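Report on one structure; see the data block that follows.
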Amino acid sequence: MILTVTLNAALDVTYLVDRLRPHTSHRVDTTHRRAGGKGVNVSRVLAALGRETVVTGLVGGPTGDLLRADLATAGLRDELLTVAGESRRTLTVVSREDGDATVFNQPGPPVAPREWAAFRAHFTRLAGHAEVVVLSGSVPPGLPADVYGRLLSTARAAGVPTVLDTGGTALRAALPARPDVVKPNAAELAAATGTPATDTAAAVDTLRAAGARSVVASLGPAGLRAHTPDGAWRAVPPEHLGGNPTGAGDACVAALAAGLADGRPWPDVLRDAVALSAAAVVCPVAGDVDTTTYRRLRTAVRLEDLHAPDTHR
């Protein structure tokens, strides 16, 4: 079982418009509404691949009830913990013209100390039954800065490998807990390290020196750059696909988690991660993947061995 943690779960609303123009009104002809947050999206992709997965995190209020109902409809096992505050909503506006996505994120409900203590005990029980733990997304108000570091330490004590996908303070504070895989995007990588966006290799090495065992940086259409104890690679999609990119990173994390659970070689895992990311882009809503596209691309991903020596084992 792969356990996904979404501390800041959301009801995701997606609008599709022909073209997004500032300072004007828009006619929305297609609307999607579903349970979301990065970890929830990861579980959706894992379920589409036939993997056993469990969703945990924090929800509350009427919006939290809608989240739970949607997870039940999707057939996802819900081990979410209820808090007093109202779960957040996100709004994504996708332009059909160029596939660009504009995202509006609410901060989430404040979490009380007793609620955090209850979740830590709940997480400890679940982690003991997991093959891999995925920790994804932003952190709601009220939680400690090193919230992910504490959960990572719990998973490590249980002997469970971990994948971390977050940014900012939450990412930097988690690194001393030595996550097995960290998956930043280009913006998160630059912000976390203070390294120019053009120097991806140096930024990745900075994260590894700070505690990440492996770093897989998602670079949009340029694919992935991975530095691991077993080597370093660049993985590039064989073609450019237009659509909604907001779910690509979550699909990548799903592939990484599945690869960790199976103990597969890194080159195979990276090919899957690139193909699955591309298969998410062609879908209108984050959390969905086109399995036909995934199967078509997974053997065509270009992989470059960077022959980088490992100095962070």
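Not measured: the values here are computed from a predicted model. Heads up: numbering here begins at 1 and tracks the sequence.
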Non-hydrogen side-chain atoms of Leu91 and Arg89 separated by less than 4.5 Å:
no
Short question: side chain of Arg178, backbone of Ala212 - any donor-acceptor pair under 3.5 Å?
no
With the side chain counted from C-beta on, respond yes when Arg68 and Thr82 share a heavy-atom pair under 4.5 Å apart, and no when they do not.
yes
Hey, is the main chain of Met1 close enough, under 3.5 Å, to the side chain of Glu131 for a donor-acceptor pair?
yes
Does a side-chain heavy-atom distance below 4.5 Å link Thr63 with Arg88?
no
Donor-acceptor under 3.5 Å (Thr56 side chain, Val5 main chain)
no
Quiz question: by atom type and distance under 3.5 Å, do the side chains of Arg21 and His23 form a donor-acceptor pair?
no
Do Thr90 and Asn105 have side-chain atoms, one donor and one acceptor, less than 3.5 Å apart?
no
In terms of heavy-atom contacts, Val236 and Ala222 come closest through CG2-O, 3.8 Å
For Thr162 and Asp180, which heavy atoms make the closest approach, and how far apart are they?
N-OD2, 3.0 Å
Is Arg296 paired with Glu239 through a side-chain N to carboxylate O contact shorter than 4.0 Å?
yes
Thr166 to Gly137 - nearest heavy-atom pair and separation
OG1-O, 2.8 Å
Should the pair Arg271-Asp268 be classified as a salt bridge under the 4.0 Å nitrogen-to-oxygen rule?
yes
Do Arg225 and Leu306 touch side chain to side chain, with heavy atoms closer than 4.5 Å?
yes
About how many Å separate CZ of Arg34 and CG of Leu11, when rounded to the nearest 0.5 Å?
11.0 Å
Looking at Leu58 and Leu80, what are the two nearest heavy atoms and their distance?
N-CD2, 4.2 Å
What's the spacing between Thr200 OG1 and His227 NE2 if we round to 0.5 Å?
8.5 Å
Using modelled atom types and a 3.5 Å cut-off, is there a donor and acceptor pairing between side-chain atoms of Asp290 and backbone atoms of Thr293?
yes
Do the non-hydrogen side-chain atoms of Leu270 and Trp233 ever get within less than 4.5 Å of each other?
yes
For the student: nearest non-hydrogen atoms of Ser87 and Ala9, plus distance
CB-O, 4.3 Å
Suppose the criterion is side chain to side chain donor-acceptor pair (under 3.5 Å): which pairs have a residue in residues 245-267, not counting sequence neighbours?
Lys38-Asp250, Asn41-Asp250, Arg51-Asp262, Asn244-Thr246, Arg264-Asp272
What I'd like to find out is whether the side chain of Val40 reaches to under 4.5 Å of the side chain of Arg44, using heavy atoms alone.
yes
Between Pro141 and Gly108, the two heavy atoms sitting closest are CD-O, 3.5 Å
Does any part of the side chain of Trp116, heavy atoms only, come nearer than 4.5 Å to the side chain of Pro144, both counted from C-beta?
yes
Which side-chain N or O atoms in residues 275-287 pair as donor and acceptor under 3.5 Å with protein atoms at least two apart or in another chain?
residue : atom : partner : partner atom : Å
Ser277  : OG   : Ala248  : O            : 3.2
Ser277  : OG   : Ala273  : O            : 2.7

Is the backbone of Val181 close enough, under 3.5 Å, to the side chain of Ser214 for a donor and an acceptor to pair up by distance?
no
Rounded to the nearest 0.5 Å, how far apart are CG of Leu135 and CG of Leu171?
12.0 Å
Using a 4.5 Å cut-off on heavy atoms from C-beta on, say whether the side chain of Ser138 contacts that of Gln106.
no
If I take atom CG from residue Asp78 and atom CG from residue Leu67, how far apart are they, to the nearest 0.5 angstrom?
9.0 Å
His122 and Phe119 aromatic ring geometry - parallel, tilted or perpendicular at 30°/60° bounds
tilted
